[in-house]
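A short write-up of the structure that comes next.
Just the heavy atoms: all of them, side chains too, but no hydrogens, waters or symmetry mates, feed the values below.
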Amino acid sequence: MQRVLAGSLRWASQIHLPSFSSSLFFDNTQTQLQQYHHFHSAKDFEPQSWNSMEGLVQCSANHVPLSPIGFLERSSKAYRDNTSLIYGSITYTWLQTYQRCLKLASSLTQLGISPGDVVATFSYNLPEIYELHFAVPMAGGILCTLNARHDSAMVSTLLAHSEAKLIFVEPQLLETALGALDLLAQKDIKPPILVLLTDFESFTSSSYHNYNNLLENGSYDFEVRRPKSEWDPISINYTSGTTAAPKAVVYTHRGAYLNSIATVLLHGMGTRPVYLWSVPMFHCNGWCLPWGAAAQGATNICIRKVFPKAIFDNIHLHKVTHFGAAPTVLNMIVNSPKDNIHLPLPHMVEIMTGGSPPPPQVMARMEEMGFRVNHIYGLTETYGPATNCVCKPEWDALPPEERYALKARQGLNHLAMEEMDVKDSVTMESVKADGKTIGEVMFRGNTVMSGYFKDLKATEEAFEGGWFCSGDVGVKHEDGYIQLKDRKKDVVISGGENVSPVEVETVLYSHEPVLEAAVVARPDKLWGETPCAFVPLKEGFDNNNVSVDHIIKFCRDRLPHYMAPKTVVFEDLPKTSTGKIQKYFLKEKARAMGSLF
């Protein structure tokens with residue numbers, strides 16, 4: 001029986017209705033029944049046909065919980081001596097990676113990690129983060145990869161919410177991490193154990209646990225703690241990290257397994273591809289490709305920061321065949337100085353792009369350079385990629401402008417996502433497939449999250465009507481392909497990162513000169529969108545004593561820099577008769593401004 005996540009990650013795995021022994025589970029059986037019936041229709045309780053067929057059984061011989069951690073064990077045999085990871089001068093084979101993950105999982109249990117415990121990371125794309133995608137679930141833990149761009153306040157909030165027992169931190173982010181732990185201590189919250197990712201030999205410290213020491217103390221003979229149920233959580237991914245109400249999306253072993261395979265297929269990854277890690281592994285677990293790459297015996301090229309020169313250098317040096325990137329990265333590539341671009345490419349390179357709708361002009365220029373662009377769409381709640389725009393041969397005969405406009409659509413659900421539709425969010429009826437009628441994009445299938453950790457109300461709202469309601473609005477064309485038109489909510493997507501206007505507005509309201517604040521998206525050629533703040537000032541303040549730069553600096557001092565407004569406009573806010581701010585007019589103004597640069 002499937003169970004709804006309701007404030008705990010320690011799920012039981014009995015086949016029948018569980019009798020939870022821990023106080024972390026549902027309080028009583030009646031509550032379990034009520035919540036189970038809330039999320040299931042009558043047909044979910046109909047007898048399963050296989051039960052009525054004589055001679056059939058479900059047992060350990062034919063039913064094993066799906067989990068992507070098995071991909072690594074297979075690759076250690078199938079691709080034993082092939083290169084698994086490259087980071088600068090560091091190189092590992094698949095056998096070495098498997099052995100390192102076994103030893104690390106062993107050490108995690110020695111540090112007290114039990115099944116259901118959360119292990120956090122705070123780092124950019126280092127080989128250790130790749131290994132932890134396997135080692136943590138192999139130890140029975142739940143991986144929580146925190147955005148490396150967060151500040152101390154946000155990290156402390158997410159550590160407290162996730163109840164992480166351990167956090168792996170790269171040295172460059174140590175100061176931020178220590179600040180987060182100090183904030184936890186001030187609130188009398190027990191901080192997680194800190195482990196340094198000492199990928200730099202020059203950095204040594206006896207004050208913290210050391211990743212390399214954990215490897216040395218681990219055992220090759222460790223028995224992997226496989227999930228008892230494929231519905232057991234494998235990871236937590238935060239959608240925004242807002243200090244008021246962070247949403248913690250929970251992935252299961254089953255969902256991660258299926259989306260890994262689906263993503264590999266839609267990315268066209270055969271055996272032994274060379275994958276460049278330009279997508280952050282802290283974002284939707286790198287679109288599930290740490291696990292998917294292992295399934296195919298890929299060579300994983302890790303780069304800490306993404307720049308066009310690094311992308312081209314690695315394509316030529318390591319013969320990169322595939323990488324993923326937000327449209328902002330593609331825009332950086334096509335607008336990069338010629339000194340950073342090494343053309344022609346030695347071979348065709350496949351790119352998956354998603355995070356925001358890619359400009360057709362950018363897609364066209366990328367393909368002119370020798371890349372093949374595969375447009376995907378999804379959300380944190382759908383394990384990253386949920387759709388892709390399947391290109392049709394007849395499109396090649398169309399004029400370029402028309403062809404790339406078609407390719408920029410979000411397309412169709414991938415093979416592991418059962419259904420996707422555009423619906424009227426009130427009636428739950430499908431909209432007309434006319435490319436004009438607006439509705440909300442919705443999903444249902446095995447690669448939709450289990451729910452929001454510790455937020456049953458938000459989970460219920462997201463699954464209202466038996467579908468996952470994405471909050472994105474769009475249209476459906478005659479060929480069944482969907483196309484996003486706007487966002488139901490006012491989220492600003494900057495460089496593939498979600499920026500909550502409410503959080504930015506809250507900071508602005510805390511500033512003495514600010515009377516009111518409204519934040520909307522302004523188009524940006526580099527980042528896709530950037531926050532634009534409309535701010536009327538209090539009496540006694542004006543442009544002479546409060547400057548745009550002053551407001552921006554105030555926000556940058558209190559928020560991660562990507563969340564701070566890049567544009568500030570001092571003017572009164574349009575309102576309805578009831579006093580509600582009319583953001584529609586502000587969006588139009590920001591759109592008319594065009595890109596900042």
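- Separating the CZ atom in Phe168 from the NE2 atom in His209 is a distance of 10.0 Å, to the nearest 0.5 Å.
- For the residue pair Phe463 and Ser450, the shortest heavy atom distance occurs at CE1-O, 3.7 Å.
- Contact of the Val264 side chain with the Leu289 side chain is registered, since non-hydrogen atoms from C-beta on lie closer than 4.5 Å.
- Considering OH of Tyr124 and SG of Cys302, their distance stands at 15.0 Å, rounded to 0.5 Å.
- No side-chain donor-acceptor contact under 3.5 Å links Arg149 and Tyr562.
- No side-chain heavy atom of Glu170 sits under 4.5 Å from any side-chain heavy atom of Ile129.
- Under the 4.5 Å side-chain criterion, counting only non-hydrogen atoms from C-beta, Leu85 is not in contact with Ile90.
- The two residues Val320 and Asn314 make their nearest non-hydrogen contact at CG2-O, 3.4 Å.
- Side-chain contact check for Leu72 versus Cys101: some heavy-atom pair is nearer than 4.5 Å.
- Going from atom CG of Asn259 over to atom CZ of Arg254 covers 12.5 Å, rounded to the nearest 0.5 Å.
- For the side chain to side chain donor-acceptor pair (under 3.5 Å) test, no residue two or more places apart in sequence or in another chain qualifies with His322.
- The CZ atom of Arg556 sits 12.5 Å away from the CG atom of Asp151 when rounded to the nearest 0.5 Å.
- Under the 4.5 Å side-chain criterion, counting only non-hydrogen atoms from C-beta, Gln410 is in contact with Gln483.
- Going from atom NZ of Lys228 over to atom NE2 of His253 covers 12.0 Å, rounded to the nearest 0.5 Å.
- A donor-acceptor pair shorter than 3.5 Å can be found between the side chains of Asp472 and Tyr377.
- Considering all non-hydrogen atoms of both residues, Pro192 and Ile167 come closest at CG-CG2, 3.8 Å.
- Trp277 and Tyr275 have perpendicular rings, their planes meeting at more than 60° on a 0 to 90° scale where under 30° would count as parallel.
- Scanning all heavy atoms of the two residues, the minimum distance from Asn125 to Ile303 falls at CB-O, 3.4 Å.
- Using modelled atom types, one finds a donor on one side chain and an acceptor on the other under 3.5 Å when comparing Tyr383 with Thr252.
- Annotation: the span from Asn210 atom CG to Leu194 atom CG amounts to 11.0 Å, rounded to 0.5 Å.
- Tyr238 and His161 share a side-chain donor-acceptor pair at under 3.5 Å.
- The two residues Phe71 and Ser260 make their nearest non-hydrogen contact at CE1-CB, 4.0 Å.
- Counting only heavy atoms from C-beta outward, the side chains of Val504 and Pro565 approach each other to under 4.5 Å.
- Using a cut-off of 4.0 Å between Lys/Arg side-chain N and Asp/Glu carboxylate O, Arg444 and Glu418 are scored as not salt-bridged.
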